[in-house]
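The analysis underlying the following values was restricted to heavy atoms, covering all of them including side chains, and did not include hydrogens, waters or symmetry mates.
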Amino acid sequence: MKHENDIITEYSSLSKATVKVGDVVTQGAEIGVSGVCEYDSELGSHIYFKVMKNDTTYNPEKVIGQTIEDVLK
């Protein structure tokens, strides 16, 4: 997903995506359903979540609950 300030979030290991390219979503909207990774089924049902800006990847644990401005400091 593309967000303001050139932030991109990526969600993988979904069993189903409930949005499609071009959809506009709001905070709290369902975007998908967790699934089992075909490469490592021992992980069980989960979602892989990645946060990026330009060529930098941010630790999602440090991003959750933060504002974009705080993340980019």
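For the side-chain hydrogen bond (donor to acceptor under 3.5 Å, both in side chains) test, residues two or more places apart in sequence or in another chain that qualify with S34 are S45. Residues that satisfy the side chain to side chain contact (heavy atoms under 4.5 Å, CB included) test with D55, not counting sequence neighbours, are absent from this structure. In this view, Y48 satisfies the ring-ring contact (aromatic ring centres under 6.0 Å, His included) rule with no residue, not counting sequence neighbours. A search for side-chain hydrogen bond (donor to acceptor under 3.5 Å, both in side chains) contacts involving K20 returns D23, not counting sequence neighbours.
Taking Ile, Leu, Val, Met, Phe, Trp and Tyr as members and joining any whose side-chain heavy atoms lie under 4.5 Å apart, directly or through other members, the hydrophobic cluster of I8 also contains M52.
Distance alone, capped at 3.5 Å, places no donor-acceptor pair between the N5 side chain and the I7 backbone. Side-chain N or O atoms of K50 include none that pairs as donor or acceptor with a backbone N or O of T57 at under 3.5 Å.
The hydrophobic clustering, which links ILVMFWY residues whose side-chain heavy atoms are closer than 4.5 Å, places V51 and V19 together. A single hydrophobic cluster is seen to contain both F49 and L14, as judged by linkage of ILVMFWY side chains at heavy-atom distances under 4.5 Å, directly or through other members.
A distance of 7.0 Å separates NZ in K16 from CD in E30, rounded to the nearest 0.5 Å.
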